[in-house]
Amino acid sequence: MKRNIVIAAVTAAALIGGGTATALATTGDDDPGTTRQSDVRASGGDDADDRAGDDADDRDDSRDDDRGDDGGDDRDDAARASTAKVTAAEAVAAALREAPGTAVSAELDDEDGDDDRERAVWEVDVLAGDGTWHSVRIDPGTGKVLGSETDDEDDTDEVRAALKGSSVDAAEAAKAAAARGTVTSVELDEDGYYGDGKAAWEVETVSSGKGEQDWRVGLKSGEVTADRSHHSGSDHSDDSDDSGSDDD
């Protein structure tokens, strides 16, 4: 009887503690000198804790995967745009004062600062009259020229051919698309949709509630249409002038 009481007590302690206990149980009053060991194990314990921790890690990993990379990119673009006081059109104007010619693209991007931290900067590519390409960096907070360097490009003839007879420049294209959100880039697409030859300005905007969107601006008409070549599955039906074609 005493043996059963001891085992029961130790078993209860093991279950409450969630581990393993070893009980010394007597064989009874008739043979007090004889003892044996009885291993008492409770389900759970360290193994259960480990499994619970692994499950929590798996759930965290799953949430990270669900968020994806695109959401982070959109947030970065929005953060840069929110700190820029100089618009794309103003950055283009500042770059042309530094390097006269034709602005072919302007993008609000990151560069390494002197303190090893990235900072936003406008990068404007300009094609000069003599065929020289210039890359001009503009401070998005002040409009000051941060630097300029000469680039080598191999599509000079294509760019000139695409812009021949156009009446809308990069700055005007940026202004036209600004009603859709904050412009973060404007670039000449000399090849058109999938290389169909219908050149246009490609403009990217970010806005609250809609995130990043892509637009095309006609080189002659200045008409703004949704750029389906980048987001064929996106829905821009809420914009009244999204239908139509680019300039011939």
ask   = Val224 and Ala177: which non-hydrogen atoms are nearest, and at how many Å?
value = CG2-N, 4.3 Å
request  = Heavy atoms only: give me the nearest Arg216-Ala199 pair and the separation to one decimal.
outcome  = NH2-C, 4.4 Å
ask   = What distance separates Asp125 CG from Glu187 CD, expressed to the nearest 0.5 Å?
value = 8.0 Å
key: Heavy-atom check, side chain of Val86 versus side chain of Asp139, under 4.5 Å   = no
request  = Dump the intermediate steps for side-chain contact (heavy atoms from CB on, under 4.5 Å) on Ile138 and Val145, then the final yes or no.
outcome  = CA-CA 5 Å; Ile138 305 296; Val145 175; 3.7 Å; yes
ask   = Taking atom NZ of Lys85 and atom OG1 of Thr142, what is their separation to the nearest 0.5 Å?
value = 9.5 Å
query = Is Trp201 reaching over with its side chain to a backbone N or O of Val168, donor-acceptor style, under 3.5 angstrom?
reply = yes
Side chain Glu172, main chain Asp169, donor-acceptor under 3.5 Å = yes
note = Between the OG1 atom in Thr132 and the CG atom in Leu127, the distance rounded to the nearest 0.5 Å is 8.5 Å
request  = For residues Val183 and Trp215, determine if any side-chain heavy atom of one lies less than 4.5 Å from a side-chain heavy atom of the other.
outcome  = no
ask   = With respect to Trp133, which candidate in Val126, Asp152, Thr150, Val159 satisfies the side-chain contact (heavy atoms from CB on, under 4.5 Å) definition?
value = Val159
key: Closest contact, heavy atoms only, Arg160 versus Ala128   = NH2-O, 3.7 Å
request  = For Val92 and Ala171, work out which heavy atoms get closest and say how close.
outcome  = CG1-CB, 4.2 Å
ask   = Between the side chains of Thr184 and Glu204, is a donor N or O closer than 3.5 angstrom to an acceptor N or O?
value = yes
ask   = What distance do His134 atom NE2 and Glu153 atom CD have between them, rounded to the nearest 0.5 Å?
value = 12.0 Å
message = Using modelled atom types and a 3.5 Å cut-off, is there a donor and acceptor pairing between side-chain atoms of Trp122 and backbone atoms of Ala95?
response = no
task = State, to 0.1 Å, how close Ala174 and Ala89 come at their nearest heavy-atom pair, and which atoms those are.
result = CB-N, 4.2 Å
Gap separating the CG atom of Leu163 from the CG atom of Leu188, nearest 0.5 angstrom = 5.0 Å
task = Could you tell me which non-hydrogen atom of Leu108 sits nearest to which non-hydrogen atom of Pro140, and how far apart they are?
result = CD1-CB, 4.0 Å
ask   = Under 4.5 Å between any side-chain heavy atoms of Val124 and Leu96, yes or no?
value = no
ask   = How long is the span from the CG atom in Leu146 to the CD atom in Glu123, to the nearest 0.5 Å?
value = 10.0 Å
